[in-house]
> 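Structure below; questions to follow.
As the structure is a computational prediction, the values presented were derived from the model and not from experiment. Per chain, numbering begins at 1; letters A, B, ... match sequence-line order.
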Amino acid sequence: MQANVKTLPDDERELVTFRVGEQDFCIDIIYVREIRSWTPATVLPHAPDYVLGVINLRGAIVPIVDLARRLGLPKTMLGDRHVIVIAVVADQTVGFLVDAVSDIIGVAPSAIQPTPDVTAQTTRMFIRGVIALEDRMLRLIDISAVLPPLVEQAAS
Amino acid sequence: MSISLPLTLAVLDGMVVDVAGQTMVVPIATIVETIRPEAGDLHRLADGMTVVAVRGRFIPVVDLGHVFKFREATKTYSDLVYLLVESDHQQMWALAVDRIHDQRQVVIKGLEGNYGHVPGVAAATILGDGKVALIIDPEEAVQRTDADQPVPDHSQLKDC
């Protein structure tokens, strides 16, 4: 990859970066509707373990996903400092529990490197690419892959 | 034949109950009566099912806390309050809950849009304190125990 290629700013993608576990992740800002502090969720019966429950977001019922658990990391130990990133993807509104939101950065598409070839299936499923930022590695999350699958009407 | 109503603007008369620490709503229309039986009115059947005697009739008990996996099958059935519900097929069931809070009208909010269908749950609502409470579908909730088997989690199978 050429490091000296200067891209136009409007070519840049804006990414919201946040920490989950001890790792840095980011998602495209166009999916992010808001960031709010953690409020206890109402438990959903029969839900996958990464779904913490549902919260009331100004009258809408929004499911909350523990992003760490979803990405195969140890479960988030809930504290007051955690935040929920509310994302809207194709009419589905979902909140993602993360440890902390760090920054909003502009990244040229060329700076996004393909995900190193690893065998871990969760990484292959959920990570679109990686970005080198200072001495950190940002993992770009494929937002549509981490959404809880819309549970269809249980046929009975 | 069935008619589906738009969920978003519907209002429902509900009984707000406590199920193993979770606040839930049972549609009043499905409740025939509420009872608090004596310990002697509760009888166990061989297969682990409990029935409650109400005026000479034996009605099967369904512990909602167990249906929704909030707790293991309880042993202290006599501490619970029972909501007698009648299904479409005139079958009576006694839904066991921990406490009845009150009775109020709630606005029905769909879960389908952002999450999907939850077995035994018809929809959700928002209570006065801003918290979300799930509205129980009694008919479907009792069917979960009918089979009385561990529920296979479909979404977990897809996940890896």
> For the side chain of A:D142 and the backbone of A:I127, is there at least one donor-acceptor N/O pair under 3.5 Å apart?
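Side chain of A:D142 to backbone of A:I127, a donor-acceptor pair under 3.5 Å: no, none is there.
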
> Looking only at heavy atoms, what is the nearest atom pair of A:A145 and A:M125, with distance?
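Between these two residues, the closest heavy atoms are CB-O, 3.5 Å.
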
> Check each atom of A:D91 against the heavy atoms of chain B and say whether the ones under 4.5 Å are side chain, backbone, both or neither.
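When you check distances to chain B, only backbone atoms of A:D91 fall under 4.5 Å.
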
> Tell me whether B:F70 at atom CZ has more than 12 heavy atoms from other residues, nucleotides or ligands lying less than 6.0 Å away.
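More than 12 heavy atoms, drawn from other residues, nucleotides or ligands, come within 6.0 Å of this atom.
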
> Is A:V88 in contact with chain B via its backbone, its side chain, both, or neither, using a 4.5 Å heavy-atom distance?
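No part of it gets close to chain B.
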
> Counting only non-hydrogen atoms closer than 4.5 Å, does A:I61 touch chain B with its backbone (N, CA, C, O), its side chain (CB onward), both, or neither?
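It is both, since atoms from each part get that close.
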
> What part of A:V94 lies closer than 4.5 angstrom to a heavy atom of chain B: side chain, backbone, both or neither?
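Contact with chain B involves the side chain of A:V94 alone.
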
> At what distance, to the nearest 0.5 angstrom, does OG1 of A:T115 lie from CZ of A:F126?
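Rounded to the nearest 0.5 Å, the OG1-CZ separation comes out at 13.0 Å.
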
> I want to check something: taking the side chain as every heavy atom from C-beta on, are B:I59 and B:V51 in contact at a cut-off of under 4.5 Å?
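No - every pair of side-chain heavy atoms lies 4.5 Å or more apart.
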
> What are the two closest heavy atoms between B:P60 and B:Q91, and how far apart are they?
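Scanning both residues completely, I find the closest heavy atoms to be CG-NE2, 3.8 Å.
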
> Heavy atoms only: give me the nearest B:T125-B:V107 pair and the separation to one decimal.
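What the structure gives for the nearest pair is OG1-O, 2.6 Å.
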
> How about CD on B:E38, more than 12 heavy atoms from neighbouring residues, nucleotides or ligands closer than 6.0 Å, or not?
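Not buried by this count: 12 neighbours or fewer within 6.0 Å.
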
> Do any of residues 14-30 of chain A come closer than 4.5 Å to chain B, heavy atom to heavy atom, and if so which ones, in number order?
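Within residues 14-30 of chain A, no residue comes under 4.5 Å of chain B, counting heavy atoms only.
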
> With a 4.5 Å cut-off on heavy-atom pairs, point out which of A:G72, A:A41, A:P45, A:P40 contacts chain B the most.
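Of the candidates given, the most pairs with chain B belong to A:P45.
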
